[in-house]
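So the structure is just underneath, and the comments pick up after that.
Values reported hereafter were calculated over all heavy atoms of this structure, with side chains retained and with hydrogens, waters and symmetry mates removed. As the structure is a prediction and not an experimental result, all values here were calculated from the model. One is the number of the first residue; the rest follow in order along the sequence.
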Amino acid sequence: AQPLISIRSYRDAENRVAESFTQVENFLSLIGLIILVLGGIGISSVTRVFIQQKMKTVAVLKCLGGRNSRVLGTYLAQVMTLGVIGSAMGLLISKVVMFILPRYLADKIPPGIEITLTWPAIAQGFGIGILIAILFAALPLLEIRNIKPILVLRATDMVKGRWFDPVKIAAGIVVIAGLVALAGWQAGSLKIGAIFLAGLAATAFILNLAGWALIRFVKQLRHVNSFVLRQGINSLYRPGNQTKVILLAVGLGAFFIISVRLLQTNLLDEFNVTLTADAPDMYLIDIQPPQREAVNDLLTQQLGTKPELIPTLRARIAEINGQAINPNMDDKDQKREQEQGQNRGQNRGMLMRDYVCTYRNYVDPNEEIIAGTYWDSTPATQPEISIEEIVQKELKLNLGDSMTFDFAGTRVTAKVTSVRRVDWKNARIGFFIVFRPGALDQLPQQMLITAVKAPPPGPARIQFQRDLLARFGNISVIDVRDILEAASKVIDTVSTAVTFVGGFVFLSGLLILIGSIAMTKYHRLYESAILKTLGAKRKLIVLITLIEYGVLGLLAGVIGSAAAIILSWSVSKYALEIGWSFVPSINVIGVALTLLVVAVIGVLSSWDVMIKKPLGILRAE
């Protein structure tokens with residue numbers, strides 16, 4: 001018989017911990033990419049508004065003989081200069097943060113870790129800052145080519161470009177290629193970068209479509225009786241309106257901020273190792289069948305509840321569909337079998353490991369059947385098993401396949417009749433392999449295990465363990481609370497980093513949104529000044545502005561929030577490989593905050609005309 005020998009080392013636990021830290025690394029990489037794109041959105045919207053403000057200046061330069069290339073180069077130099085200054089300021093702020101952070105989070109930072117800025121990191125940050133400025137400012141700057149010298153004499157800010165513009169198309173291709181390369185490098189994964197850019201492109205398209213639809217819709221409402229409502233609606237489609245610009249900037253900002261918050265919540269939930277009030281915190285293994293009644297009586301007397309003693313047996317896979325598993329197969333043999341079609345690319349680690357099996361007639365509350373049918377209490381003509389979905393995926397198994405298990409020399413062949421999904425995080429005791437009762441009942445080498453809710457930490461818990469071990473010295477007691485306390489220290493450090501970075505993204509996105517919205521104020525100052533000159537009160541101007549920005553904020557928030565759900569689900573499932581749950585409160589709060597921020601900033605950006613005499617603004621025009 002094949003000996004059942006299983007060797008496990010610290011590397012098993014190390015791999016599981018490394019997987020968790022890889023998830024955090026991917027999340028932080030995605031955060032870095034989102035911060036860059038948020039900055040790029042601000043740069044793009046501000047550059048677009050800036051060029052519209054400088055139309056007459058550009059027209060004058062062209063009247064004086066300035067060529068498109070020279071004028072374009074002048075403004076590109078300004079963008080690059082601002083990119084250099086902004087990158088330098090960012091490095092300075094990061095230096096200050098790294099100086100302050102260890103002082104307030106000293107207990108969260110593991111010993112021996114030094115937080116500092118390295119020269120490679122400085123060079124990367126500086127270079128990426130300038131690259132982002134160029135990539136996101138390139139397309140708005142190309143609008144300079146469409147500004148005609150005749151605009152010096154015309155009171156218009158409308159500039160129409162050609163429908164088919166080869167230069168703009170080529171520039172767009174270069175920008176997209178740069179963003180793809182940057183996303184793949186910054187995210188550390190082409191998969192994450194691809195998911196991110198796909199979400200960005202889809203959301204931007206939907207926001208532009210929504211802006212076009214909104215303008216078409218509100219035009220039908222321009223004859224409403226209310227003067228305030230009519231003026232607010234007119235602002236959304238008037239010549240030179242910023243409806244699409246604000247929708248794009250605010251919608252993408254809300255999209256990224258809400259996405260990060262949803263991902264942060266799901267990631268922290270994945271790392272949550274705290275126990276619920278009724279969760280077991282102590283496991284007893286190696287209980288022998290003759291000890292069943294005595295252990296049951298002791299636990300019932302000490303804890304006040306009757307424990308569930310679960311029978312278990314250890315086994316290894318000997319055959320799958322009649323094909324023997326060779327424990328001595330090397331990589332060459334495995335490759336040769338795969339080329340000959342004798343294996344389906346099964347995970348060798350899952351094939352060669354020991355399995356702790358059990359048998360029962362019920363589905364555990366923390367399990368669900370995702371394929372096949374679970375058996376009932378009627379006797380079976382042949383052994384049947386239910387496998388966990390991880391086993392099904394790693395060993396490429398299908399319903400109806402047969403598996404032969406070696407129980408210390410006794411072989412049992414069973415048919416796969418169902419696949420279960422186990423909620424390992426909340427399961428009291430989970431199993432990869434569950435047999436239908438009857439096949440293993442009479443096999444020797446059985447032992448029982450159970451999970452109990454022991455007394456709270458203190459003398460009572462210690463005395464409980466002493467009484468148990470004094471009567472049953474062979475039983476192994478695993479105190480989960482001790483393990484969780486050690487794990488919580490590491491997880492708490494990781495959670496602090498995730499929370500801090502998530503808050504930083506929120507703050508960065510908020511500042512960028514404020515800047516993007518505030519830059520559009522120049523397009524309504526003249527109109528507000530005219531209204532004030534005609535006798536409009538401050539309250540009237542505020543209401544008109546609230547209607548305009550309220551509609552934009554609400555629409556941008558709803559679209560950004562809906563897209564954030566899709567992006568967070570995609571990243572959780574395909575990139576971070578963690579569970580995903582919908583948190584409606586985050587989306588509702590996100591939409592409400594977007595509406596509030598846009599409305600407040602819109603009013604504050606027009607505050608100049610409310611507190612100053614309108615004559616100065618009219619003269620400037």
Side-chain angles (χ1 to χ4, degrees), residues 1-9 11-12 285-290 309-338 340-361 364 367 372 374-375 379-420 422 429-449 474 476:
Q2 176 182 322
L4 291 177
I5 300 175
S6 177
I7 300 176
R8 296 186 183 183
S9 69
R11 296 188 184 277
D12 297 303
I285 63 176
D286 281 342
I287 304 172
Q288 299 303 311
L309 300 181
I310 303 172
T312 61
L313 296 93
R314 299 181 70 87
R316 276 194 173 185
I317 301 174
E319 297 178 1
I320 294 181
N321 292 327
Q323 181 180 341
I325 305 301
N326 182 5
N328 300 316
M329 181 184 299
D330 57 18
D331 294 339
K332 292 182 179 179
D333 294 332
Q334 185 179 2
K335 184 177 181 180
R336 183 173 59 255
E337 279 197 0
Q338 191 167 1
Q340 295 173 354
Q342 296 177 350
N343 72 52
R344 294 169 288 182
Q346 291 114 329
N347 185 322
R348 289 290 294 176
M350 294 293 289
L351 282 173
M352 303 310 303
R353 59 164 289 169
D354 281 3
Y355 287 89
V356 177
C357 308
T358 190
Y359 51 89
R360 48 179 159 84
N361 265 333
D364 193 79
E367 298 176 338
Y374 201 78
W375 49 78
T381 57
Q382 62 177 343
E384 298 178 10
I385 57 172
S386 176
I387 60 175
E388 211 277 335
E389 65 173 336
I390 296 176
V391 176
Q392 185 261 333
K393 291 177 181 178
E394 295 294 334
L395 299 185
K396 316 296 183 186
L397 296 172
N398 301 310
L399 294 176
D401 286 349
S402 66
M403 299 181 70
T404 300
F405 293 88
D406 190 328
F407 294 91
T410 302
R411 295 198 172 192
V412 176
T413 301
K415 182 175 68 172
V416 177
T417 57
S418 65
V419 180
R420 294 167 295 114
V422 178
I429 300 177
F431 293 91
F432 280 130
I433 308 294
V434 175
F435 276 78
R436 183 171 186 162
L440 309 181
D441 297 9
Q442 305 304 319
L443 288 182
Q445 301 94 31
Q446 293 194 34
M447 71 171 183
L448 305 171
I449 63 175
N474 62 292
S476 298

Review point. Got a second to check how far Q382's CD is from T417's OG1, nearest 0.5 Å?
Key: 9.5 Å
Review point. Just by distance, do the side chain of Q288 and the backbone of P290 share a donor-acceptor pair under 3.5 Å?
Key: no
Check your understanding: Donor-acceptor pair, T312 side chain versus T358 backbone, under 3.5 Å?
Key -> no
Review point. Does D364 reach the main-chain N or O of G430 with its side chain, forming a donor-acceptor pair under 3.5 Å?
Key: no
Check your understanding: Checking side-chain contact (heavy atoms from CB on, under 4.5 Å) for the pair M350/Y355: CA distance, chi angles, key distance, verdict?
Key -> CA-CA 9 Å; M350 294 293 289; Y355 287 89; 3.7 Å; yes
Point to revise | Contact summary for V412 and A439, nearest pair of heavy atoms | key: CG1-CB, 4.4 Å
Check your understanding: Does W375 use its side chain to pair, donor to acceptor, with the backbone of R360 at less than 3.5 Å?
Key -> yes
**Study point:** Inter-residue atom distance L313.CG - C357.SG, 0.5 Å rounding
**Key:** 7.5 Å
Exercise for review: Of all the heavy-atom pairs spanning F431 and V422, show the shortest one and how long it is.
Suggested key: O-CG2, 4.2 Å
Point to revise | Nearest heavy-atom neighbours spanning L351 and I317 | key: O-CB, 4.1 Å
Check your understanding: Under a 4.5 Å cut-off applied to non-hydrogen side-chain atoms, are I433 and I387 in contact?
Key -> yes
Study note, to complete from the structure: d(L395 CG, I320 CD1) to nearest 0.5 Å is 5.0 Å
Practice item. Please check if the side chain of Q392 supplies one atom and the backbone of L397 the other of a donor-acceptor pair under 3.5 Å. Key: yes
Check your understanding: Where do E319 and A324 come nearest, in terms of heavy atoms and distance?
Key -> CG-CA, 3.8 Å
Check your understanding: At their closest point, which heavy atom of F405 faces which heavy atom of A315, and how far apart are they?
Key -> CB-CB, 4.1 Å
**Study point:** Flag for R420-S386: side-chain donor and acceptor within less than 3.5 Å
**Key:** yes
Exercise for review: Measure the spacing between CD1 of I429 and CD1 of I449 and express it to the nearest 0.5 Å.
Suggested key: 4.0 Å
Check your understanding: Looking at CD of Q446 and CZ of R314, how far apart are the two atoms once the value is rounded to the nearest 0.5 Å?
Key -> 14.0 Å
Practice item. Test F432 against R353 for side-chain contact (heavy atoms from CB on, under 4.5 Å), laying out the working first. Key: CA-CA 12 Å; F432 280 130; R353 59 164 289 169; 3.3 Å; yes
Check your understanding: Between D406 and R411, what is the shortest heavy-atom contact and its length?
Key -> OD2-NE, 3.8 Å
Review point. To the nearest 0.5 Å, how far apart are CG in N361 and CZ in R436?
Key: 7.5 Å
Check your understanding: Are the side chains of Y359 and L443 in touch, meaning some heavy atoms are under 4.5 Å apart?
Key -> no
Practice item. Could you pull out all residues at least two apart from S402 that satisfy side-chain contact (heavy atoms from CB on, under 4.5 Å)? Key: N321, T413
